[in-house]
J.: 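Structure provided below as C-alpha cells; questions to follow.
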2 protein chains.
Amino acid sequence: MTLTELRYIVALAQEKNFSRAAERCSVSQPTLSVAIARLEDELGVQLFERGKGFVSPSLVGARVVEQAQLALEEAEKVRQIAQRGRDQLDGTLRLGVIHTIGPYLLPQLIHSLKAVAPNMPLAIEENMTANLADMLRDNDIDVAILALPFDLPGVLTRPLYDEVFKVVVPLGHRWENLPAIPPEEVAGDEVLLLKAGNCFRDQVLGACPQVSSPETDIRLGHSIGTIRCMVASGLGVSVLPEGALQHPYSNDMIRVIPFVPPEPSRRVALAWRNCFVRPKAIDALLAAVRGLDSPAYRLLV
Amino acid sequence: MTLTELRYIVALAQEKNFSRAAERCSVSQPTLSVAIARLEDELGVQLFERGKGFVSPSLVGARVVEQAQLALEEAEKVRQIAQRGRDQLDGTLRLGVIHTIGPYLLPQLIHSLKAVAPNMPLAIEENMTANLADMLRDNDIDVAILALPFDLPGVLTRPLYDEVFKVVVPLGHRWENLPAIPPEEVAGDEVLLLKAGNCFRDQVLGACPQVSSPETDIRLGHSIGTIRCMVASGLGVSVLPEGALQHPYSNDMIRVIPFVPPEPSRRVALAWRNCFVRPKAIDALLAAVRGLDSPAYRLLV
DNA sequence: GGCTACCATAGGGAACCCCTATAGATCATG
DNA sequence: CATGATCTATAGGGGTTCCCTATGGTAGCC
C-alpha cells in the first residue's frame, strides 16, 4: 500500500471512470488500472465494481476510500509542517545563559534579535556553565551564552564580546574617590563573592589573586543582584562585570571604580553543537549581538 | 514522500540510532540513511541532528515525526477497514423488491437469511419493477427480487420460485363454493386490479384476457392489501398471488378459490449486476430462499 | 595511535512503476 | 447482424527507484 495507490482510489471514486481518474493523476489509464488491481489484491477486497459505463466503489471500497482520504490529508500535513519549518529563523530557539550574563545582556539582546529574526522566540535557560554544558550535550538547549574558556567535544564556540570587571564599593568607602584601583589592592576578606560554581567567581579570584576564599557563607551572594545589595549595605566591596552595572540597574548606593589598566575582563562567547541544524539561527544571534549598542560590551563580532 | 519513508523517520526518532532503526525496519543502515536524506532533501528541511553518539530530531523534525505517526496510523486504518470488509457477508445489502412481493416474502426471507448471514442486514427498497431496474443500473441497490421476465443489460437473474395466482371473492359471492375457476371465467368489469405500473396487474391481465381494463379508478387498488379490503367489502373479485394470502394475513372476510389447472402463476427471481462484487451475498440470499418453508412458494433453487 | 562506533557514500542488481500497444467486453447504430 | 465506440484489462519493454554489500570518513576513547 502506497500513498500513490491511495491517491488513485480516491481519484477513481470521484471520477467514476478509469481514464479520467488516470488523467487527473497524470498517469496512463493502464497504470491506474494495474495499481488499483494490485491494491485490491493486497487488501484482499474488491474496492470497485466495474460495470459498463460506470465504476462505483463497493461497500468496503467506499469506506476504504473515505479512510484513504484521511490518510492522504495527514500525509499532506507532514509536507506542510516541513514547509513551514523550512525557515530556520522560524520557531523557538532554546538558549542557555549563565546567571551573570542573562539578566543584563538578554533584555538588550532580545530587542536586537527581534529586528533580525522576529519569529524566533527564545526559550531561556539560566544556569551555571557546567549545567549548560550538559544541556548542550543532551540536546536540551540549542545554544548557550557563557564565558570562555569553554571546551566541549562536538561543541563550537564563537567570541561575542569582552566585558571588563569593575570594583564596586559602598558610598563612603575609603576607595570612593580613587580614579582607578590596581587588582592586587582588592584583597583580603572584605571582598564579597558569588557562591561556588559560578564561573564569574573564579574569574574574579583569577583577576585578584589576593582575595581570600571566604570560609563562611556570610560573604557569598547567590547572584550579582544580591552582591550589589550587600555592597550597598556596607558589608564589603566586590568585583562585578560591567554589563551588570549599566542602565537600568541603579548605582545610586554604590560607587563603581575601574581597575587600573590592563583592566581584567572576561570573554563572552556563543556555544552550539557543531551538528546543530539551524546555522542561520546562530547567524541571527551573532547579528543581534552586533546590533547591541552598549559601551559595556566590547564587540568581537 | 512515501509511507516507507515516514516509517523510517518514526523509527529513527524512537531509536535515536540509524543502525537500530534500520534493523527495526528490516532494512540495512545505508538504506535508511539514504531514504531519510532523500526525504529531508524533498522536504527541504533537515529533520535530524546527527551528532557523535546521538541522533536527535530537530525542532521541525520532531513535529514532522509526530505528524508522520498520525499519517501512518490513518494509513493503517485503511488496511484494517479493508480487512474487516473482506467478509462479503458482513455489511448491509441493499435489496429492492416489488410491492406485491415485499410485504409477504420478506418477513420469512429475513428470518431465513439471519441463519445464513447473521451480519448482513437488508436495506429494503420497495418499488415497482421499472424503478428497481433503474436503481440496479445506477447502483442504488445491490439486488432485486421481482417477477420475470426481467431483462436488463449487465444484469443477471436467477429464478427463485413460482407463485400461483388465486381468485379471491367476497363472502356470499356466487363463486364462493366452486372448487376451481377457469381463467376465462374471471372477466368483465367486476375484477379489481392494481394501478398501472405494477407488474402483477399486467400478469393478471395476461392470465385472464377477458378482464377489461377499467376506465375509472374505482376498481384500482394501490396495493394488494387495499385490493383485499375492497374485495372483502363486496366491491368485486380479484386475482392475487398465493404468497399474499398466507399466514398471517387474514382471509376471514374473503374466499380464496384456485384456478382450474394449469393454474396461472408468476416466476419470481433474483436480479443483480453481473459485476456485483459480493457474489457470496447472492449465494446467501439463494440459500435463504432455499430455507423458506411455505407452501405458497414452489422453490426453483 | 590504533580501536571502536557510527553515519555517509559508491556501485551494482533486483524490483517496481509507468509507458505504449493491444486485446476483450459491452453497448449503441446502421 | 455487423460495425463502431467506449471503456477496462493485459502484455511487454524501458527507466527509475529501492535496497543491498562494501567501503570511506569522522569523532571519541583507551
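In what follows, chains are A, B, ... by sequence order, proteins preceding strands, each numbered from 1. Remember, predicted model here, so these are calculated numbers, not experimental data.
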J.: Are the side chain of A/Arg278 and the backbone N or O of A/Gly91 linked by a donor-acceptor pair below 3.5 Å?
T.: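 Indeed, once roles are kept as given, a pair shorter than 3.5 Å links the two residues.
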J.: When the side chains of residues 150-157 of chain B are checked against the rest of the protein, which donor-acceptor pairs come out under 3.5 Å, sequence neighbours left out?
T.:
none

J.: Got a sec, which residues hit salt bridge (Lys or Arg N to Asp or Glu O under 4.0 Å) with B/Glu76, two or more places apart in sequence or on another chain?
T.: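 Expected list: B/Arg79.
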J.: Choose from C/dC18, C/dT9, D/dT8 the nucleotide whose nearest atom is closest to any side-chain atom of A/Thr4.
T.: C/dC18
J.: Between C/dT26 atom P and B/Leu156 atom CG, what is the distance in whole Å?
T.: 10 Å
J.: How about A/Arg298 and A/Ser265: does a side-chain donor come under 3.5 Å of a side-chain acceptor?
T.: no
J.: Please confirm whether the backbone N or O of A/Arg94 pairs with a side-chain atom of A/Asp142, one donor and one acceptor, at under 3.5 Å?
T.: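 Yes; at least one donor-acceptor contact below 3.5 Å.
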J.: Find the distance A/Ile36:CD1 to C/dC16:P and express it as a whole number of Å.
T.: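 After rounding, the reported distance stands at 19 Å.
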J.: Any carboxylate oxygen within less than 4.0 angstrom of a Lys/Arg side-chain nitrogen, looking at A/Glu74 and A/Lys77?
T.: yes
J.: Could you run down the sub-3.5 Å N/O contacts of the protein with nucleotides 28-30 of chain D?
T.:
{"unit_1": "D/dG28", "atom_1": "OP1", "unit_2": "A/Gly154", "atom_2": "N", "d": "3.2"}

J.: A/Thr31 side chain: which of C/dC18, D/dT21, D/dA11 is closest?
T.: C/dC18
J.: Taking CG from B/Leu39 and P from D/dT17, how many angstroms apart are they, rounded to a whole number?
T.: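 Value for this atom pair: 15 Å.
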J.: Does a side-chain N or O of B/Asn17 approach OP1 or OP2 of C/dA5 to a distance below 4.0 Å, or not?
T.: no
J.: Please tell me which of the listed nucleotides, D/dT8, C/dA8, D/dA11, lies nearest to the side chain of A/Ser33?
T.: D/dT8
J.: Sequence neighbours left out, what passes ring pair (Phe, Tyr, Trp, His ring centres under 6.0 Å) with A/Phe200? Give chain and number order.
T.: A/Phe165
J.: Has B/Ser58 got a side-chain atom pairing as donor or acceptor with B/Gln46's backbone, closer than 3.5 angstrom?
T.: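 Answer holds: yes.
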J.: For B/Lys16 and C/dC7, give me the distance from atom NZ to atom P, rounded to whole Å.
T.: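 Answer to the nearest Å: 12 Å.
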J.: Please state how far atom CD in A/Glu5 lies from atom C1' in C/dC16, giving the value in whole angstrom units.
T.: 11 Å
J.: Please report the distance, rounded to the nearest Å, between CZ in A/Phe48 and P in D/dC7.
T.: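 Answer to the nearest Å: 17 Å.
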J.: Could you tell me the separation between the CZ atom of B/Arg38 and the C1' atom of C/dT9, rounded to a whole number of Å?
T.: 14 Å
J.: Tell me the interatomic distance from A/Leu32, atom CG, to C/dC18, atom C1', rounded to whole angstroms.
T.: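 A/Leu32 atom CG is separated from C/dC18 atom C1' by 12 Å.
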J.: Nearest to the A/Phe18 side chain among D/dA9, C/dT9, D/dC18, which nucleotide is it?
T.: D/dA9
J.: Treating B/Glu42 as the side-chain partner and B/Met1 as the backbone partner, does any N or O pair qualify as donor plus acceptor under 3.5 Å?
T.: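 Indeed, once roles are kept as given, a pair shorter than 3.5 Å links the two residues.
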J.: Heavy atoms within less than 4.0 Å of DNA chain D: which residues of residues 19-29 of chain B have one? Give them sorted by number.
T.: B/Ser26, B/Val27, B/Ser28
J.: Suppose we screen for salt bridge (Lys or Arg N to Asp or Glu O under 4.0 Å). Which residues come up paired with A/Lys280, at least two apart in sequence or across chains?
T.: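 So A/Lys280 forms no salt bridge (Lys or Arg N to Asp or Glu O under 4.0 Å) with any residue.
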J.: By nearest heavy atom, map A/Thr2 and B/Pro30 onto DNA chain C; which one lands nearer the 5' end?
T.: B/Pro30
J.: Can you identify which nucleotide, out of D/dC18, D/dT21, C/dC7, has its nearest atom closest to the B/Val55 side chain?
T.: C/dC7
